[in-house]
Amino acid sequence: QVQVVESGGDLVQTGGSLTLSCEASGHTILIYCMAWFRQLPGKDREGVATIYYNEGSTRYADSVRGRFTTFKDQKDPGKNILYLKMNNLKPEDTGLYYCAADMSPGSCTLRGADYNAWGQGTQVTVSS
């Protein structure tokens with residue numbers, strides 16, 4: 001199986017930047033897609049970014065496109081670390097951010113039900 005652990009959540013000011021990390025372990029060779037989700041206060045879980053793990057192509061939710069970027073560790077791909085760089089953060093980005101992995105070949109989606117390995121989440125708070 002695959003395990004993922006997120007880190008990097010913090011308190012930042014509006015307009016600031018933050019980079020989250022997600023380290024995958026276990027049978028990482030099985031990973032086909034990885035994605036970032038968030039749980040905003042009072043809202044349903046939302047998929048914000050996904051990446052085809054081996055190919056590297058990405059897809060973003062409308063709410064974050066142009067501000068968030070996800071990418072794999074380029075210096076040491078063997079570490080199996082995925083990043084989510086978040087720029088121009090807004091108070092409405094405040095929430096619990098999760099990393100997830102999908103081991104089933106197919107399209108990489110932003111639907112939580114398609115992912116079967118989840119981390120515990122890391123808190124991002126954007127002050128106004």
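All values below were derived from every heavy atom in this structure, side-chain atoms included, with hydrogens, water molecules and symmetry-related copies excluded.
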Could you tell me which non-hydrogen atom of Thr70 sits nearest to which non-hydrogen atom of Ala49, and how far apart they are?
-> CG2-CB, 4.0 Å
Between SG of Cys22 and OH of Tyr83, what distance do you get to the nearest 0.5 Å?
-> 10.5 Å
Can you name the nearest heavy-atom pair linking Asp73 to Lys79, along with the distance?
-> OD2-CD, 4.3 Å
Grab the two heavy atoms, one from Phe71 and one from Leu82, that are nearest each other, plus how far apart they are.
-> O-CD1, 3.5 Å
Given side chains that start at C-beta, do those of Thr122 and Leu20 come closer than 4.5 Å, heavy atoms only?
-> yes
Do the side chain of Arg67 and the main chain of Asn88 share a donor and acceptor less than 3.5 angstrom apart?
-> yes
Counting only N and O atoms by type, is there a donor-acceptor contact under 3.5 Å from the side chain of Thr109 to the main-chain atoms of Arg111?
-> yes
Say you draw a straight line from CG of Leu89 to OG1 of Thr94; how long is it, rounded to the nearest 0.5 Å?
-> 8.5 Å
Value for SG (Cys99) from CE (Met34), rounded to nearest 0.5 Å, stands at 3.5 Å
Hey, does the side chain of Arg38 reach the backbone of Leu96 with a donor-acceptor pair shorter than 3.5 angstrom?
-> no
Would you say Ser21's side chain and Ser7's backbone share a donor-acceptor pair under 3.5 angstrom?
-> no
Answer yes if Tyr60 and Val124 sit in the same cluster of Ile, Leu, Val, Met, Phe, Trp and Tyr residues linked by side chain heavy atoms under 4.5 Å apart, and no otherwise.
-> yes
Shared hydrophobic cluster, Tyr97 / Leu110 (ILVMFWY, side-chain heavy atoms < 4.5 Å) = no
Are any of the side-chain heavy atoms of Cys33 and Tyr115 separated by less than 4.5 Å?
-> yes
Would Lys90 and Asp93 pass as an ion pair if we require N to O under 4.0 Å?
-> no
Closest heavy-atom contact between Ala117 and Met103?
-> CB-CE, 4.2 Å
How long is the span from the CD1 atom in Ile31 to the NZ atom in Lys72, to the nearest 0.5 Å?
-> 8.0 Å
Examine distances only and state if a side-chain atom of Glu6 and a backbone atom of Gly121 form a donor-acceptor pair shorter than 3.5 Å.
-> yes
Test side-chain contact (heavy atoms from CB on, under 4.5 Å) on Ser104 and Asp114 and set out the steps.
-> CA-CA 8 Å; Ser104 302; Asp114 292 339; over 6 Å; no
Which atom pair, heavy atoms only, marks the closest approach of Ala61 to Gly47?
-> CB-O, 3.4 Å
When the ring centroid of Tyr32 is compared with that of Tyr53, is the distance short of 6.0 Å?
-> no
Let me see the working for Thr50 and Thr58 under side-chain contact (heavy atoms from CB on, under 4.5 Å), right down to the final yes or no.
-> CA-CA 6 Å; Thr50 186; Thr58 56; over 6 Å; no
More than 12 heavy atoms from other groups under 6.0 Å of NZ on Lys85 | yes
Hey, what do you get for CZ (Phe68) to CG (Asn87), rounding to the nearest 0.5 Å?
-> 8.5 Å
Cluster link Ile29 to Val4, ILVMFWY, side chain under 4.5 Å | yes
Does one hydrophobic cluster hold both Tyr98 and Val2, with members joined at side-chain heavy-atom distances below 4.5 Å?
-> no
Minimum side-chain heavy-atom gap Cys108-Ile51 below 4.5 Å = no
Atom OG of Ser63 and atom CD of Glu46: how far apart are they, to the nearest 0.5 Å?
-> 3.5 Å
Just checking, Arg45 and Phe37: is the charged tip under 6.0 Å from the six-membered ring centre and within 45° of the axis?
-> yes
